[in-house]
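Comments concern the structure below.
Both counts, for ligands and for their atoms, begin at 1 and track the order of listing. Since we're looking at a predicted model, the values are computed, not measured.
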Amino acid sequence: MMAGQPEISVVIPLYNEAESLPELHTALAAVLLPYADRWEVVFVDDGSTDGTFEVLKGLREGDKRVKAIRFRSNQGKSVALAAGFREAQGEIVVTLDADLQDDPKEIPRFLRKLAEGVDLVSGWKARRHDPWSRRLLSAIFNRVTSGLTGVKLHDFNCGFKAYRRSVIDELRLHGELHRFIPVLASWRGFKVGEIEVEHHPRKYGRSKYGAERIPR
Ligand code: UDP
Ligand code: MG
């Protein structure tokens with residue numbers, strides 16, 4: 001029997017997130033239960049060395065909605081997202097981080113916002129659980145980006161987003177450009193919206209981003 005085209009694809013970049021994965025998959029399956037087999041998750045293992053891919057293989061064996069891509073080496077989140085987008089088949093594509101800082105429970109709110117006629121919904125971590133130095137840098141980045149581009153978002157760094165397929169098809173990602181997807185989309189005439197999202201502290205592992213990424 002051929003399964004139909006999924007309505008929703010969830011694309012998740014992972015770099016050494018083995019510990020978070022089972023919990024993440026369970027939370028996704030729970031929140032997407034109403035969609036039965038009409039959703040998929042595309043995990044993109046960005047060159048992990050902690051057994052992430054072995055955990056993915058286990059998940060895939062137990063759930064045919066799970067797809068897994070593996071990079072031989074660490075390519076960075078943008079490249080991982082771009083690979084996930086190429087694989088995703090859904091009319092709607094949701095992206096979120098793998099570390100449970102983004103809560104899958106909030107996916108229905110993103111879908112409702114899309115249903116209002118928005119093409120791209122960007123999350124806004126209004127209360128972030130990250131060190132103050134990172135929050136300060138982010139605040140500066142967000143003000144400058146919003147000012148320079150004219151796109152009125154509070155949080156250009158939020159990995160939690162929902163897109164209509166048309167936006168994905170039209171945009172190509174390069175390097176660190178993933179932060180600017182809402183800008184590119186808005187400039188091309190797509191309707192961009194924002195919703196506040198909860199942000200949890202990291203439970204397992206640690207952030208893959210340190211000071212070295214700032215110049216990029
Ligand atoms: N990530 C990735 N490749 C990288 C760095 C990070 O795929 O080179 C993933 C990571 O596994 C997570 C998401 O991107 O799912 C965000 O990374 P992280 O939580 O380290 O960033 P932070 O929340 O500290 O900004
Ligand atoms: Mg994180």
Side-chain angles (χ1 to χ4, degrees), residues 9-28 41-56 59 66-88 93-107 110 122-142 145 153-163 173-182 196-216:
S9 299
V10 183
V11 172
I12 306 186
L14 319 118
Y15 182 50
N16 293 341
E17 306 283 4
E19 287 166 297
S20 301
L21 269 177
E23 222 168 301
L24 178 63
H25 174 258
T26 303
L28 279 174
V41 55
V42 182
F43 289 109
V44 187
D45 177 0
D46 185 12
S48 298
T49 53
D50 71 337
T52 286
F53 199 73
E54 285 61 42
V55 178
L56 283 180
L59 292 177
V66 173
K67 290 184 181 173
I69 298 172
R70 180 186 209 175
F71 290 169
R72 251 179 298 275
S73 63
N74 183 233
Q75 305 288 310
K77 186 175 169 180
S78 286
V79 181
L81 282 173
F85 286 160
R86 278 194 297 277
E87 202 57 44
V93 178
V94 176
T95 59
L96 72 160
D97 288 354
D99 57 3
L100 303 162
Q101 289 199 272
D102 298 332
D103 196 327
K105 262 195 336 236
E106 304 201 276
I107 291 175
F110 281 85
S122 192
W124 169 21
K125 295 159 289 182
R127 278 167 300 277
R128 263 178 81 174
H129 292 274
D130 284 319
W132 71 266
S133 52
R134 290 208 38 199
R135 296 204 310 264
L136 176 66
L137 274 169
S138 260
I140 296 167
F141 176 83
N142 283 319
T145 305
L153 291 180
H154 294 88
D155 189 355
F156 288 88
N157 290 312
C158 191
F160 209 170
K161 287 188 173 67
Y163 306 83
L173 302 183
H174 298 291
E176 292 284 297
L177 266 187
H178 67 89
R179 282 168 225 292
F180 296 103
I181 296 175
E196 274 193 41
V197 292
E198 252 186 76
H199 187 238
H200 301 294
R202 219 182 213 283
K203 222 161 124 184
Y204 307 104
R206 56 196 176 86
S207 174
K208 279 77 200 177
Y209 293 109
E212 80 287 349
R213 102 180 146 162
I214 296 160
R216 281 199 259 159

### Task
Please check if the side chain of D50 supplies one atom and the backbone of A18 the other of a donor-acceptor pair under 3.5 Å.
yes
### Query
Just by distance, do the side chain of S9 and the backbone of V93 share a donor-acceptor pair under 3.5 Å?
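No, because the side chain of S9 does not come within donor-acceptor range (under 3.5 Å) of the backbone of V93.
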### Query
Any non-hydrogen atom of G76 lying under 4.0 Å from ligand 1?
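Yes, that is the case, since the closest heavy atom of the residue is under 4.0 Å from the ligand.
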### Query
Could a heavy atom of R202 be found less than 4.0 Å from some atom of ligand 1?
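Heavy atoms of R202 do come under 4.0 Å of ligand 1.
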### Message
List the residues meeting side-chain hydrogen bond (donor to acceptor under 3.5 Å, both in side chains) with S133, not counting sequence neighbours, and say none if there are none.
### Response
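For S133, no residue satisfies side-chain hydrogen bond (donor to acceptor under 3.5 Å, both in side chains) once neighbours in sequence are set aside.
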### Message
Taking side-chain hydrogen bond (donor to acceptor under 3.5 Å, both in side chains) as the definition, give me every residue that meets it alongside R202, ordered by chain and number, with sequence neighbours left out.
### Response
E17, D99
### Query
What protein N/O/S atoms sit under 2.8 Å from the Mg ion (ligand 2), by chain and number?
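Protein N/O/S atoms under 2.8 Å of the Mg ion (ligand 2): D99 OD2, Q101 OE1.
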### Query
What closest approach, in Å, do T95 and Y163 show between heavy atoms, and which atom pair accounts for it?
CG2-CE1, 3.9 Å
### Query
Would you call F141 and N157 a side-chain contact if the rule is heavy atoms closer than 4.5 Å?
yes
### Query
How about D103 and H200: do any of their side-chain heavy atoms sit closer than 4.5 Å?
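The answer is yes, as the side chains (C-beta and beyond) meet within the 4.5 Å cut-off.
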### Query
Taking NZ, NE, NH1 and NH2 as the nitrogens, is one of them in E23 or K203 under 4.0 Å from a carboxylate oxygen of the other?
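Judged by the 4.0 Å cut-off on N to carboxylate O distance, E23 and K203 do form a salt bridge.
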### Modelled atom types, side-chain donor and acceptor of T52 and D45, under 3.5 Å
no
Applying a heavy-atom cut-off of 4.0 Å, say which part of [X] lies close to ligand 1: side chain, backbone, both or neither.
X	answer
E17	side chain
N74	side chain
D97	both
R134	side chain

### Query
Short list, please: which atoms of ligand 1 are under 4.0 Å from a heavy atom of D46?
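Answer, ordered by atom number: 2 (C), 3 (N), 4 (C), 7 (O), 8 (O).
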### Message
Give the atom numbers and elements of ligand 1 that come within less than 4.0 Å of a heavy atom of D99.
### Response
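Matching atoms, with element in brackets: 19 (O), 23 (O).
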### Summary
A student comparing G84, S207, A98 should find that the heavy atom closest to atom 15 (O) of ligand 1 comes from A98
### Task
Identify which of R128, K125, Q101, K208 has a heavy atom lying nearest to atom 20 (O) of ligand 1.
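Nearest option to atom 20 (O) of ligand 1, by heavy atoms: K208.
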### Query
Could an N or O of ligand 1 be found under 3.5 Å from any N or O of R206, whether backbone or side chain?
no
### Query
Knowing that exactly one of V11, L56, V55, V10 qualifies, which makes a side-chain contact (heavy atoms from CB on, under 4.5 Å) with F43?
L56
### Task
Tell me, please, which residues at least two apart from H199 pass side chain to side chain contact (heavy atoms under 4.5 Å, CB included).
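H199 satisfies side chain to side chain contact (heavy atoms under 4.5 Å, CB included) with Q101, D102, K125, R128, H129, D130 only.
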